[in-house]
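Notes follow once the structure below has been shown.
Everything numeric here is computed off the predicted structure, so don't read it as measured data.
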Amino acid sequence: MECPHLGSSVCIAPDSAKFPQGSPSSWCCSGAGIVTLSDEYQLSTFSSPLHKTLLIATVTSQVCRSNKSPWVCLTCSSVHCGRYVNGHAKKHYEDAQIPITNHKKTEKQEKVQHTVCMDCSSYSTYCYRCDDFVVNDTKLGLVQKVREHLQNLENSAFTSDRHRKRKLLENSSLNSKLLKVNGSTAALCATGLRNLGNTCFMNAILQSLSNIQQFCCYFKELPAVELRNGKTAGRRTYHTRSQGDNNVSLVEEFRKTLCALWQGSQTAFSPESLFYVVWKIMPNFRGYQQQDAHEFMRYLLDHLHLELQGGFNGVSRSVILQENSSLSASNKCCINGASTVVTAIFGGILQNEVNCLICGTESRKFDPFLDLSLDIPSQFRNKRTKNQENGPMCTLRDCLRSFTDLEELDETELYMCHKCKKKQKSTKKFWIQKLPKVLCLHLKRFHWTAYLRNKVDTYVEFPLRGLDMKCYLLEPENSGPESCLYDLAAVVVHHGSGVGSGHYTAYAAHEGRWFHFNDSTVTLTDEETVVKAKAYILFYVERQAKSGSDKL
């Protein structure tokens, strides 16, 4: 949003000597502790005002010192922890307003507000009076100057510390990277994602995609987008909201988020910059209400695909779309234009066969897909859980068979037969003409009744290894013995009863070990726990080498 308070709040010089030493993203909060209930009881036992004053001074002298999510005040350059830690940055703002509300305002007090601060990790700017993040700047560009100064400090600290960290990681054994937290084993090499307010749907998808090696490596190896020229050219760059919507780059923020994961940091990464780019280009996801993880994944992949096309061989996106308005026979899996890493990895092709039941006319068409949405067959819905003894077990094969089997369309889906010249009853069948490198399977757990969108909570059994897709292919004889086998890479799980509520987590395999990603918390887990999960989205990676694993 456009903030009207920058002129009266941004007062610090970019080269201010008041800044702490070291990396800005690791600066510690200087906020004081507060008097707890037990302290208040102790205060009541002292009759002497002097004793009370001394005790209060002792308690408030306890400094927070948290280095999680440091925010720097753009009025006085003091550093406090942000809104997702102990909220001392907000308390600093509130304390600064007391003289203004209790006393007559002076000209100096009106100018100095302490209302605007900057996140030292994402370099986003927040105004407490507006209660929102800021996208504009002062007339002199002070916010951008402070941002660049913090980036220079971060770059210097990063360069000097890189060699030491690399040597430390190389010498560390596997067990030294693990830490016992609340009785469970937390993986220090994995980095969690901070929940920004019902953003678990985004975090689960990002963690899943970060563990699909081919996809993740492509983005991590991309060069940083040069958003500025001059002295900062060639250095580590970050998204600048004040530059306007034209320079917003989803690819760049996605790349930086993936680079932040698996760096060995114990501090959860805040995907704040990525989230606000999502807000700008995906209006459906604005706000802090719970969203559908599958819907977000589709929007994310589609927009990454379109943005990557925009820089395809230096040709604008609009030109590419005009020249590739129809899918050619040799490039049918290219969705909305030229092929990108999105379609190269997730892109497959379905053949849709429709037969008129009156005249027998057959119609075929090819449909590209990035994922397959599978119904849970009605006979399994709400009939069985993992621990029940009786009743049939729903398997992933049942869902795939339901998707590909011959189906008679009902009265609401009559087919326009070109031979009969009118809508007729017909049958439909799907074949997979081309399998993708990464097969994404979405189990349709949410369905509409008369007025509500209910959840199908049925457990669906799925394999960790050797998912065989050969029997669903249109021409299985043209496929090799190993080309149709897939191994599980990640699982997204929805906990709760409704799509607009509940919580999303993800399981993913990384270097032979399984991890559970629950927002900022990452823990090691085992295969037995993974297979018991009530999967919502499954990511299977095409097997490259022969293995003796069992087939589905």
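- Distance alone, capped at 3.5 Å, is enough to place a donor-acceptor pair between the Arg445 side chain and the Val456 backbone.
- Counting only distance, with no hydrogens or angles, the side chain of Lys455 and the backbone of Gly496 share a donor-acceptor pair below 3.5 Å.
- The main-chain N or O of Ser339 is never found under 3.5 Å from a side-chain atom of Thr343 such that the two would form a donor-acceptor pair.
- The environment of NZ in Lys423 is sparse: at most 12 heavy-atom neighbours from other residues, nucleotides or ligands sit within 6.0 Å.
- Ring geometry for Phe285 against Phe201 counts as parallel: the plane angle stays under 30°, on a 0 to 90° scale with 60° as the upper cut.
- In this structure, Leu350 CG and Leu372 CG are separated by 5.5 Å, a value rounded to the nearest 0.5 Å.
- Residues satisfying the ring pair (Phe, Tyr, Trp, His ring centres under 6.0 Å) criterion with His442, sequence neighbours excluded, are His294, Tyr536.
- The structure places CG of Leu441 at 9.5 Å from CG of Leu488, a figure rounded to the nearest 0.5 Å.
- Side chain of Gln433 to backbone of Gly348: no donor-acceptor contact under 3.5 angstrom is found.
- For Phe539, there are no ring pair (Phe, Tyr, Trp, His ring centres under 6.0 Å) partners at least two apart in sequence or on another chain.
- Considering NZ of Lys425 and SG of Cys356, their distance stands at 11.5 Å, rounded to 0.5 Å.
- In this structure, Met282 CE and Tyr299 OH are separated by 9.0 Å, a value rounded to the nearest 0.5 Å.
- Between Thr361 and His418, the side chains place no donor N or O within less than 3.5 Å of an acceptor N or O (distance only, hydrogens not considered).
- Residues meeting the side chain to side chain contact (heavy atoms under 4.5 Å, CB included) test with Ala535, sequence neighbours left out: Leu443, Phe462, Val491, Leu538.
- The line from CZ of Arg397 to SG of Cys471 is 5.0 Å long, rounded to the nearest 0.5 Å.
- Here the side chain of Lys534 pairs no donor or acceptor atom with the backbone of Val460 at under 3.5 angstrom.
- Between Phe403 and Phe430, the ring centre distance stays below 6.0 Å.
- There is no side-chain donor-acceptor pair under 3.5 Å between Asn518 and Thr521.
- Counting only N and O atoms by type, the side chains of His494 and Asp292 include no donor and acceptor under 3.5 Å apart.
- Residues that satisfy the salt bridge (charged side-chain N to carboxylate O under 4.0 Å, His left out) test with Asp519, not counting sequence neighbours, are absent from this structure.
- Using a distance-only test at 3.5 Å, with no hydrogens or angles considered, no donor-acceptor pair links the side chain of Thr199 to the main chain of Asn195.
- Looking only at distances, no side-chain donor or acceptor of Ser402 sits under 3.5 Å from a matching main-chain atom of Cys399.
- A donor-acceptor distance shorter than 3.5 angstrom exists from the side chain of Glu307 to the backbone of Val251, with no hydrogens or angles considered.
- More than 12 non-hydrogen atoms from other residues, nucleotides or ligands lie less than 6.0 angstrom from NZ of Lys429.
- The ring pair (Phe, Tyr, Trp, His ring centres under 6.0 Å) test applied to Phe346 returns Phe215, not counting sequence neighbours.
- In summary, the side chains of Glu461 and Thr395 do not present any donor paired with an acceptor at a separation below 3.5 Å, with no hydrogens or angles considered.
- Every residue two or more places apart in sequence or in another chain that forms a ring pair (Phe, Tyr, Trp, His ring centres under 6.0 Å) with Trp279 is listed here: Phe275, Tyr276, Tyr288.
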